[in-house]
Number of protein chains: 2
Amino acid sequence: MTTIADVAKATGVSKGTVSSVFSKKRPISKEVTERVLEAARALNYKPNYWARSLANKSTRILGLNIPGEKFKFSQFHLSLMNGVLRVCYDHGYRLLVNTLPQTFLDRVENISSDPVDGEIILDPEADDLRIEDRLNREVPIVLVGRPSKAYDNRVSYVDNDNVGMTGQITRYLLELGHRNFLFLNAPKHRTVASDRELGFLTACQEFGMEQTSHQIVHKPDTINSSLDFGYETTLATLRKMPEISAIIADSDTMALGAYKAAQKLGIQIPEQLSVFAFSDDSVFSPEFTPPLTGVRLNAEQLGIEAATILIEQLKKEAKTINRTIVPTEMIIRSSCAHRNIEMGGNHS
Amino acid sequence: MTTIADVAKATGVSKGTVSSVFSKKRPISKEVTERVLEAARALNYKPNYWARSLANKSTRILGLNIPGEKFKFSQFHLSLMNGVLRVCYDHGYRLLVNTLPQTFLDRVENISSDPVDGEIILDPEADDLRIEDRLNREVPIVLVGRPSKAYDNRVSYVDNDNVGMTGQITRYLLELGHRNFLFLNAPKHRTVASDRELGFLTACQEFGMEQTSHQIVHKPDTINSSLDFGYETTLATLRKMPEISAIIADSDTMALGAYKAAQKLGIQIPEQLSVFAFSDDSVFSPEFTPPLTGVRLNAEQLGIEAATILIEQLKKEAKTINRTIVPTEMIIRSSCAHRNIEMGGNHS
DNA sequence: AATTTTAACAAAACCGGTTTAACGATAGAA
DNA sequence: TTCTATCGTTAAACCGGTTTTGTTAAAATT
């Protein structure tokens, strides 16, 4: 491998001079610059990224940190990443995707600082160890999603208005006449789960005119497949509580599970059962009959905002705390309908 | 920031000893190991990734290289990346996504080696500069897609059988009675474009029984949006050649453009126009009425194979050339139908 | 003309790790 | 008892860049 020393020797100048030619941080005469670049080209020399990072204490790499075992990117994550990548592209940053399991990272021989200038942290949890760790090591971070109250004023984050949005869709379902809900929620420790739960419960309470009843089930960490979770839970719950006439699902994958369960039970959507999902456009759409009603989370915008804030934070020394809310829109297709009084809920 | 020297001083041992404790590359007594780890914990020390990479000449990072300006990941890329990430996860590699524009990379102050141990190169072109560059610098690479003949025996790659697959779907359409095609193909310089074109033409020729006619249009580099390209091209072509009864689209996005054009022209799919797409499950599915017939490329499997081959290549010194073909499956939904002899093609 | 400033570069120290060579202590072999 | 291995450790060299400091010649100032 060609090093800076080789180029220096070939050109008859010092290492420092070659360095300056490439980094452009110090003026070098036109004549020498030419000769150095010439020699570099001839030797096929390119500065070593890591040596440079070590000396510069900067990598110009952003990290995208996603927790969870055997993780798979969803459509939501894809859009989000597209947003992040666009900002990276504009600002000359590379993106490092880190999905390594904690069991791996905790082994002594793998312990190390992260090779990034800052990190975007996805799906924060109530007691998220990642946050404390980055705060300790003074690694700039931006969360996508709300942190726990303890960190509310210590880290920047980008989020949807989960409480308000869930309230809105709950009212929509209430106005359609639904009173008995199954809420397929995100894993319990995720902050998004409690926000949505809060929005849901508040709307139910405020609506007040009649008693509503509901079953909120959190996806357990032990289950990897949202589809299976949606299917199993819907199946079991509808059998136990046939009065349920509407399902709110955390993701389109879960909703798909609910669809399959309904089919298995011989229940018609939306005539007998309304299904709603927190989701961007679905990957599974060919499988959805009827088309799924849901809410657009604008994942790409979340990614754009997060990356922009992070890069902004890297530029200036002063660490300001930034909170950005990205708006959402309800997308009404045809999986939700008025509760059918006749047969309403009495599937069996 | 705490360095190895701080820990060494605190523990009263040498830097080398601390290094050995963390790298586990040399035996250190249990007693000293304990003391070092204790001090490291107290000082919140973690080995510096860059320094380590520099000394080790290895980063344990794989690169994912995607060309194109203002690039956006498609569903295909998402699935592929999920495959790659799974292998990374299993082998302790991080993934660096590089979509930086060449104009940025070419500026003197940004020239540098890539911070990866090896790279997965997407969407290779006939005369792909990336390949020569990596070969020169001896960076291990695996392509997803076929390289040009010149590199056929010099680089490993993973690909679908584009020629055979396109032949198959062309025969499918021919047997449905279609004779006049519009082929919305990938950009001309991409090798995948010529493979699919070859498969298409060969099938047409072999079928032989009647004359077929077709219009093959390559997506120009100047257009970013596949949707716009599909729309505009379909619109213009169908107006010019109303005898066309089937469209083969390079991606679901292009197919969506074709759908919109058909709608605009008042042409029914599939009664008057069949549409076929090289595509995984679509993101746009809610927009597809009727559901799109296409071919599953198994992008995730492509990713898994590519990453596996690359990591295998990193392990051993001997550089064997590996070629892997990932099978495809036709997914018949309802956007293709028998050519309607009555009105066949005569839209106007 | 003498002095200060500036430009352009060289030499050496440095970034934070790893690795090699050398060494003392202990253990086993001759 | 002496010789040789082995183990655990240290000191110094090294990875490939950047940066600080120092030097010299030319330009600018007084």
Side-chain angles (χ1 to χ4, degrees), chain A residues 1-37 39-40 43-61 108-117 137-138, chain B residues 1-37 39-40 43-60 108-117 137-139:
Chain A
M1 183 203 265
T2 340
T3 75
I4 201 171
D6 299 327
V7 178
K9 198 177 299 174
T11 325
V13 299
S14 74
K15 292 198 320 177
T17 302
V18 178
S19 173
S20 302
V21 167
F22 278 95
S23 70
K24 286 197 173 172
K25 289 187 183 165
R26 212 183 341 275
I28 298 294
S29 70
K30 207 162 186 67
E31 188 258 341
V32 172
T33 300
E34 295 266 309
R35 269 171 46 216
V36 167
L37 288 178
L43 295 169
N44 194 25
Y45 166 77
K46 294 191 174 184
N48 180 300
Y49 202 101
W50 296 104
R52 207 174 231 192
S53 297
L54 176 59
N56 281 335
K57 292 168 177 300
S58 155
T59 61
R60 295 198 73 81
I61 294 178
V108 174
E109 64 270 36
N110 297 324
I111 292 178
S112 75
S113 65
D114 274 310
V116 298
D117 290 347
R137 300 214 317 283
E138 296 184 22
Chain B
M1 185 203 264
T2 341
T3 74
I4 202 170
D6 299 325
V7 178
K9 197 178 297 172
T11 325
V13 298
S14 74
K15 292 199 318 179
T17 302
V18 177
S19 172
S20 302
V21 167
F22 278 95
S23 70
K24 286 200 174 171
K25 287 187 186 167
R26 215 186 336 277
I28 298 292
S29 69
K30 204 162 189 68
E31 189 258 344
V32 172
T33 300
E34 295 268 307
R35 271 171 46 214
V36 168
L37 288 177
L43 293 171
N44 195 26
Y45 166 77
K46 294 193 176 184
N48 182 301
Y49 204 102
W50 321 317
R52 207 175 230 193
S53 297
L54 177 58
N56 282 334
K57 295 170 175 297
S58 155
T59 62
R60 295 198 71 84
V108 174
E109 64 271 36
N110 296 324
I111 290 178
S112 75
S113 65
D114 271 311
V116 298
D117 290 347
R137 299 214 318 284
E138 298 184 18
V139 176

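Reminder, nothing fancy here: chain letters follow the sequence lines and each chain counts from 1.
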| request: Report yes if at least one side-chain N or O of B:Lys57 is closer than 4.0 Å to OP1 or OP2 of D:dG16; otherwise report no. | output: yes

| message | Just N and O in the side chain of B:Ser29: are any of them under 4.0 Å from OP1 or OP2 of D:dT9? | response | yes

| said: What's the closest nucleotide to the side chain of A:Ala51 if the choices are D:dG16, D:dT19, C:dT19? | reply: D:dG16

| field | Flag if over 12 foreign heavy atoms under 6.0 Å of CD, A:Glu34 | value | no

| task | Report which part of the nucleic acid A:Ser19 touches: base, sugar-phosphate, or nothing (heavy-atom distance under 4.0 Å, all strands). | result | base

| said: Can you identify which nucleotide, out of C:dC9, C:dG16, D:dT9, has its nearest atom closest to the A:Leu54 side chain? | reply: C:dG16

| Separation of B:Lys9 atom NZ from C:dG16 atom P, in whole Å? | 13 Å

| request: Nearest whole angstrom, please: distance from the P of C:dC14 to the CD1 of B:Ile4. | output: 18 Å

| request: For A:Met1 and D:dC14, give me the distance from atom CE to atom P, rounded to whole Å. | output: 18 Å

| task | State which of D:dG17, C:dG16, D:dT20 makes the closest approach to the side chain of A:Arg26. | result | D:dT20

| said: Distance criterion of 3.5 Å, no angle test: do you see the side chain of A:Lys15 paired donor-to-acceptor with the base of D:dG17? | reply: yes

| request: Using only heavy-atom distances, determine whether the side chains of B:Thr17 and B:Ser20 contain a donor-acceptor pair under 3.5 Å. | output: no

| task | Figure out the NZ/P separation between B:Lys24 and D:dG8, and round it to whole Å. | result | 15 Å

| note | Ranking C:dA11, D:dG16, C:dT19 by distance to the side chain of A:Ser14, first place goes to C:dA11

| note | Looking only at C:dT19, D:dG16, D:dT18, the nucleotide nearest the A:Arg52 side chain is D:dT18

| request: Write down the distance between CD1 (B:Ile28) and C1' (D:dT10), rounded to a whole number of angstrom. | output: 10 Å

| query | Contact class for B:Lys30 vs. all strands (heavy atom < 4.0 Å): base, sugar-phosphate, or nothing? | reply | nothing

| A:Val32 near the nucleic acid: base, sugar-phosphate alone, or nothing, with a heavy-atom cut-off under 4.0 Å? | sugar-phosphate

| query | Taking the side chain as C-beta and beyond, is there a heavy-atom pair between B:Asn48 and B:Thr3 under 4.5 Å? | reply | no

| task | Please determine, for the side chain of B:Lys25, which listed nucleotide (D:dG8, D:dT18, C:dT18) has the closest atom? | result | C:dT18

| note | Whichever of B:Thr17 and B:Trp50 has the more 5' nearest nucleotide on DNA chain C, that residue is B:Trp50

| message | Under 4.0 Å between a side-chain nitrogen and a carboxylate oxygen: does that hold for A:Arg35 and A:Glu31? | response | yes

| query | So what does B:Val13 touch, heavy atoms closer than 4.0 Å: a base, only the sugar-phosphate, or nothing? | reply | sugar-phosphate

| query | Think B:Asn56 has a side-chain N or O under 4.0 angstrom from the OP1 or OP2 of C:dT19? | reply | yes

| field | Value in whole Å for how far the P atom of D:dC15 lies from CG of A:Asp6 | value | 11 Å

| Do B:Trp50 and B:Thr59 have side chains that get closer than 4.5 Å, going by heavy atoms? | no

| task | Indicate, with a heavy-atom threshold strictly under 4.0 Å, whether A:Tyr45 touches base, sugar-phosphate, or nothing. | result | sugar-phosphate

| field | Within-4.5 Å side-chain heavy-atom neighbours: A:Ile4 and A:Ser19 | value | yes

